[in-house]
Protein chains: 2
Amino acid sequence: MKTPERTETPEKTTPVGTRERIVRATSRLLQRQGYEGTGIKQISREAEATLGSVYHFFPGGKQELAAEAIRHGDEEFAVLLRAGLGSSADIGEAVVTCTGMLARELRASDWQDGCPISSTALETVGRAPAIEQAVAAAFANWRAIVTEHLVAAGIGAEDARELAGTVVSTLEGAELAAQIARSEEPLLVTGKHLARLLATYR
Amino acid sequence: MKTPERTETPEKTTPVGTRERIVRATSRLLQRQGYEGTGIKQISREAEATLGSVYHFFPGGKQELAAEAIRHGDEEFAVLLRAGLGSSADIGEAVVTCTGMLARELRASDWQDGCPISSTALETVGRAPAIEQAVAAAFANWRAIVTEHLVAAGIGAEDARELAGTVVSTLEGAELAAQIARSEEPLLVTGKHLARLLATYR
DNA sequence: CCTCCGCTAGAACGAACGCTCTATCCAGAA
DNA sequence: TTCTGGATAGAGCGTTCGTTCTAGCGGAGG
């Protein structure tokens with residue numbers, strides 16, 4: 001059988017295939033420990049898969065696996081972003097909602113689960129092309145989502161493009177600060193300031 | 001002799017002591033490769049010191065060495081921050097100057113040398129107390145510097161405190177975005193937006 | 001029935017890891 | 001001169017790293 005699950009009814013608690021389990025485990029471990037701090041054997045253990053399975057699905061080794069995990073984290077964060085930004089007609093309020101959601105999730109994980117890709121992104125700058133490309137695509141994806149909502153809120157196209165970049169990178173920075181301070185405050189305050197900045201446009 | 005250099009005339013090109021060379025090399029390597037990605041032997045090689053010397057000066061091992069390197073990076077970034085923020089009476093212009101300086105240095109290092117501590121900070125969250133503490137102290141130091149300049153620019157104490165946190169974390173996020181995009185734009189645009197935000201206070 | 005093959009399983013490889021340990025060097029005190 | 005102790009030097013410890021490789025499993029097609 002090619003892929004025993006997922007082809008039929010995606011309802012109920014779908015039994016997760018081995019490949020999917022490996023990607024999810026890798027994503028969470030990279031988020032918490034970074035690229036160099038995460039071993040393939042730890043991943044296979046955590047995913048309840050064997051080393052053979054890991055290299056079967058990802059013959060490109062650790063780098064290919066990490067790139068796939070980055071794409072997983074990309075979509076994960078995009079879902080949160082869309083949910084938060086779609087929560088209110090007022091774009092300022094919507095951004096505040098986003099920071100609130102991030103803060104809540106961060107606290108719930110005991111300040112462990114920050115941005116799913118920033119740690120890996122930072123330590124592979126200029127030395128792991130496949131990963132760098134996945135990271136750049138994730139940022140571009142997030143910027144596009146934010147841009148869309150800003151334009152919908154009546155902000156001009158060029159202003160929206162620039163602001164979207166700032167919003168995304170500011171969320172990254174605030175999440176880092178919140179992790180370090182073990183406090184929701186940096187995220188919440190940043191949300192307030194972003195809303196204030198957006199209010200000066202239109 | 002206790003410390004052969006630095007006790008006398010700090011003029012001319014001071015011959016750098018072994019301990020100092022080790023700290024500098026560690027700081028640069030941590031900045032570029034993160035904590036787990038940097039080996040003690042690589043540090044000793046890069047610092048032109050031997051393994052024996054490293055453990056002589058840092059009996060606490062890798063963690064103690066990293067904490068010291070974080071403190072080095074702390075002061076390094078603080079110097080840039082003070083220079084940038086002191087460059088203009090207009091606090092908005094001063095922030096723009098900061099982002100410009102960061103952008104120039106980042107480009108000059110071929111997008112390698114971002115924030116000297118963020119990579120290490122992210123991968124040691126909740127698992128290396130000595131490092132976490134040094135990181136938290138660095139952020140507090142930077143916030144204090146920014147707060148001071150904001151207050152001097154006529155912004156109320158509480159607003160200044162909150163804004164300082166946002167300014168610092170936003171610079172972090174923008175630097176990350178600039179490294180990933182291999183472009184000065186995220187930093188420069190963020191500078192513009194920060195100035196605009198600050199202009200809404202007084 | 002047997003064959004095929006996607007997938008699972010884990011032993012084994014050389015290299016690198018952080019760290020310990022002993023030995024040596026050498027400027028200044030006695 | 002001998003002694004002393006900070007500093008240098010690097011071999012070697014046990015462990016873990018990423019990766020390779022061969023062997024076995026079990027359902028589908030002939």
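Quick caveat: nothing in here was measured; it's all calculated off a predicted structure. Residue numbers start from 1 in every chain, and the chains themselves are labelled A, B, ... in the order their sequence lines are given, proteins ahead of strands.
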[N] phosphate, OP1 or OP2, under 4.0 Å from [X] side-chain N/O:
X       : N     : answer
B:Thr18 : D:dA7 : no
B:Thr50 : D:dT8 : no
A:Ser53 : C:dC7 : no

Under a 4.0 Å N-O cut-off, is there an ion pair linking [X] with [Y]?
X        : Y        : result
B:Arg82  : B:Glu75  : yes
A:Arg182 : A:Asp110 : yes
B:Arg32  : B:Asp113 : yes
B:Arg71  : B:Glu76  : no
B:Glu46  : B:Arg21  : no
A:Arg127 : A:Glu132 : no

Exercise. To the nearest angstrom, how far is B:His56 atom NE2 from C:dC26 atom C1'?
Worked result: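 Atom NE2 in B:His56 sits about 14 Å away from atom C1' in C:dC26.
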For this session: Rounded to the nearest angstrom, tell me the gap between atom CD in B:Glu48 and atom C1' in D:dG10.
Result: 17 Å
For this session: Report, as a single string ordered 5' to 3', how protein heavy atoms within less than 4.0 Å touch nucleotides 12-18 of chain C: B base, S sugar-phosphate only, - not at all.
Result: B----BB
